[in-house]
Amino acid sequence: MARWIEETFHPHWRVRLEASKVLHEVKTAHQHLVIFENETWGTVLMLDGVCQLTTLDEFVYHEMMAHVPLMALAAPARVLVIGGGDGGVLREVLKHPSVAKATLCEIDRTVIDLSLEHYPQIADGCFDDPRAEVVIADGLKYVADTRERFDAIIVDSSEPIGPSAVLHTRAFFTDCKRALKKGGILVTQNGLPFLFPEHLRATSEIFASLFRATSPYMCTQPCYFGGPFALNWASDSANLLAISAATLKSRMAKRTIETRYYTPTGHLAAFALPGYVEKVITEAVELARSKGKSFAKSKPPARKRK
Ligand code: SAM
């Protein structure tokens, strides 16, 4: 009899996935991990009862986490990925020929090892790329201690629970800002705004208080049940948010990067926010402003309610 594995993240409803085969299940030093096969989604990774990825749709999230910040930069050379032990974001980052070195800082070695064992096609050899560096450490401590400076920092964390909770804090984002080169970009996963607007509001308020320009962008990640998924962007270079489709098109062609979800026009469309998300951002920026800690202009400019 097949086992049904539940996602336990949502307090009042559950998603159950049939496990045609449980490949590995363990309580690591940091979290509960289970990897299993499902007829529809392929191989699935769940951490602490939250679906992290499936081999069917992982490309959506990984492409949008990597290419939106890196295509906006003329020649990104030094990139930091926090979390992301499955290797999907690193895979996409290393598609950019100007990237000379990319560091992946993951707290749980087990995620990397088991990802390579059960779905090596996601990393697709990126860990063997001479430009890749892997650091097993808590991302909070890594950015607090690093003396390096990065063109982009991409936070591929889990939800703000367990070991990942620290990766959604002001202290962490403040150190991320310090570790960015001038005009560098910080991007983080920011959850499901339809169900958890407070997650997006909290991060947006922090970003608005630390950076000149901030805005979430959206993607449709089928296995993150609960509506469109938010990624959040912050930089002191507001002009990077105003990049043209023509520039993105020519960069993508020059870099000969192939994708299945990311497109230059989709890049710009991802920043066109649904009204309920725009409302959350407007409130977050106003909250930061009311605390006298805001010099960010959210994008698009806040509309005054009639
Ligand atoms: N896409 C997924 C999501 O949005 O839920 C995230 C996927 S990725 C597998 C999350 C990774 O972050 C995991 O491998 C986890 O071990 C790692 N992680 C959690 N807390 C961390 C921390 N404090 N420092 C570094 N990595 C961390």
Side-chain angles (χ1 to χ4, degrees), residues 7-10 15 24 26-35 41 43-66 80-93 103-116 118-119 122-123 126-127 134-146 153-169 171-173 175-176 179 187-193 195-196 199-200 203 216 218-232 261:
E7 195 181 44
T8 54
F9 188 59
H10 304 283
V15 170
H24 200 100
V26 63
K27 184 84 180 71
T28 78
H30 303 281
Q31 52 209 340
H32 176 268
L33 177 156
V34 60
I35 297 175
W41 297 97
T43 308
V44 180
L45 166 69
M46 267 201 195
L47 295 173
D48 287 343
V50 183
C51 184
Q52 303 291 309
L53 63 84
T54 79
T55 48
L56 183 72
D57 66 351
E58 55 82 18
F59 63 91
V60 175
Y61 171 91
H62 292 142
E63 289 180 9
M64 292 303 276
M65 278 223 100
L80 172 62
V81 178
I82 302 274
D86 50 79
V89 170
L90 184 62
R91 175 194 75 213
E92 296 301 319
V93 164
T103 299
L104 182 131
C105 173
E106 163 62 57
I107 198 169
D108 197 338
R109 172 89 236 176
T110 319
V111 173
I112 298 178
D113 295 343
L114 292 174
S115 296
L116 288 173
H118 295 294
Y119 38 84
I122 291 188
C126 70
F127 290 112
V134 174
V135 176
I136 303 300
D138 183 341
L140 179 73
K141 186 163 181 344
Y142 181 86
V143 290
D145 298 346
T146 187
I153 298 178
I154 301 172
V155 186
D156 178 14
S157 65
S158 326
E159 300 306 313
I161 55 172
S164 207
V166 293
L167 302 183
H168 301 265
T169 60
F172 172 69
F173 292 131
D175 281 329
C176 284
V187 163
T188 186
Q189 72 97 304
N190 223 154
L192 298 159
L195 294 171
F196 304 102
H199 181 190
L200 179 64
T203 303
M218 316 291 287
C219 67
T220 308
Q221 185 67 41
C223 76
Y224 295 164
F225 312 103
F229 194 75
L231 304 161
N232 215 333
Y261 184 90

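Counting convention: from 1, in listed order, for ligands and their atoms alike. Quick caveat: nothing in here was measured; it's all calculated off a predicted structure.
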Contacts of type ring pair (Phe, Tyr, Trp, His ring centres under 6.0 Å), residue His199, not counting sequence neighbours =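 Expected list: His168.
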query = Should one rank Pro163, Ser157, Ala137 by closest heavy-atom distance to atom 20 (N) of ligand 1, which comes out on top?
reply =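 Nearest option to atom 20 (N) of ligand 1, by heavy atoms: Pro163.
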Could you see which bit of [X] sits under 4.0 Å from ligand 1, with heavy atoms only: side chain, backbone, both or neither?
| X | value |
| --- | --- |
| Val111 | side chain |
| His30 | neither |
| Tyr224 | side chain |
| Val50 | neither |
| Gln52 | both |
| Leu140 | neither |

I'd like to know if the side chain of [X] pairs up with that of [Y] as donor and acceptor (distance under 3.5 Å, no hydrogens or angles considered).
| X | Y | value |
| --- | --- | --- |
| Tyr61 | Asp156 | yes |
| Thr28 | Asp108 | yes |
| Asp86 | Gln52 | no |

request  = Could you tell me whether Arg91 and Glu58 make a salt bridge, using a distance below 4.0 angstrom between a side-chain N and a carboxylate O?
outcome  =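 A salt bridge is present here (some side-chain N lies under 4.0 Å from a carboxylate O).
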query = Under 4.5 Å between any side-chain heavy atoms of Ile122 and Leu53, yes or no?
reply =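 Counting from C-beta outward, Ile122 and Leu53 do come under 4.5 Å.
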request  = Would you mind reporting whether Asp48 and Pro163 have side-chain heavy atoms less than 4.5 Å apart?
outcome  =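 Yes, close enough: below the 4.5 Å cut-off.
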Shortest protein contact, [atom] (heavy atom only):
| atom | result |
| --- | --- |
| atom 4 (O) of ligand 1 | Gln189 NE2, 3.0 Å |
| atom 9 (C) of ligand 1 | Asp86 OD2, 3.3 Å |
| atom 14 (O) of ligand 1 | Glu106 OE1, 2.7 Å |
| atom 10 (C) of ligand 1 | Asp156 O, 3.3 Å |
| atom 26 (N) of ligand 1 | Ile107 N, 3.2 Å |

query = So which heavy atom on Leu116 is nearest to which on Ala123, and how close?
reply =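 Here Leu116 and Ala123 meet closest at CD2-CB, 3.8 Å.
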Is there at least one pair of N or O atoms, one from [X] and one from ligand 1, spaced under 3.5 Å apart?
| X | result |
| --- | --- |
| Asp108 | no |
| Gly139 | yes |
| Leu167 | no |

Residue [X] vicinity, atoms of ligand 1 by number, heavy atom under 4.0 Å:
| X | value |
| --- | --- |
| Val166 | 23 (N) |
| Gln31 | 15 (C), 16 (O) |
| Leu47 | 13 (C) |
| Asp138 | 22 (C), 23 (N), 24 (N) |
| Gly85 | 14 (O) |

key: Spacing of CG belonging to Asp57 relative to CD belonging to Gln221, to within rounding of 0.5 Å   =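 Interatomic distance, Asp57 CG to Gln221 CD, rounded to 0.5 Å: 4.5 Å.
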request  = Supply the atom-to-atom distance Arg109 CZ to Ile136 CD1, rounded to the nearest 0.5 angstrom.
outcome  =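 Reported value, rounded in 0.5 Å steps: 4.5 Å.
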ask   = How about Phe196 and Phe9: are their ring centres within less than 6.0 Å of each other?
value =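 They qualify: ring centres under 6.0 Å apart.
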ask   = Counting distance only, does the side-chain N/O of Gln189 pair as donor-acceptor with the main-chain N or O of Leu231 below 3.5 Å?
value =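 It does not hold such a pair.
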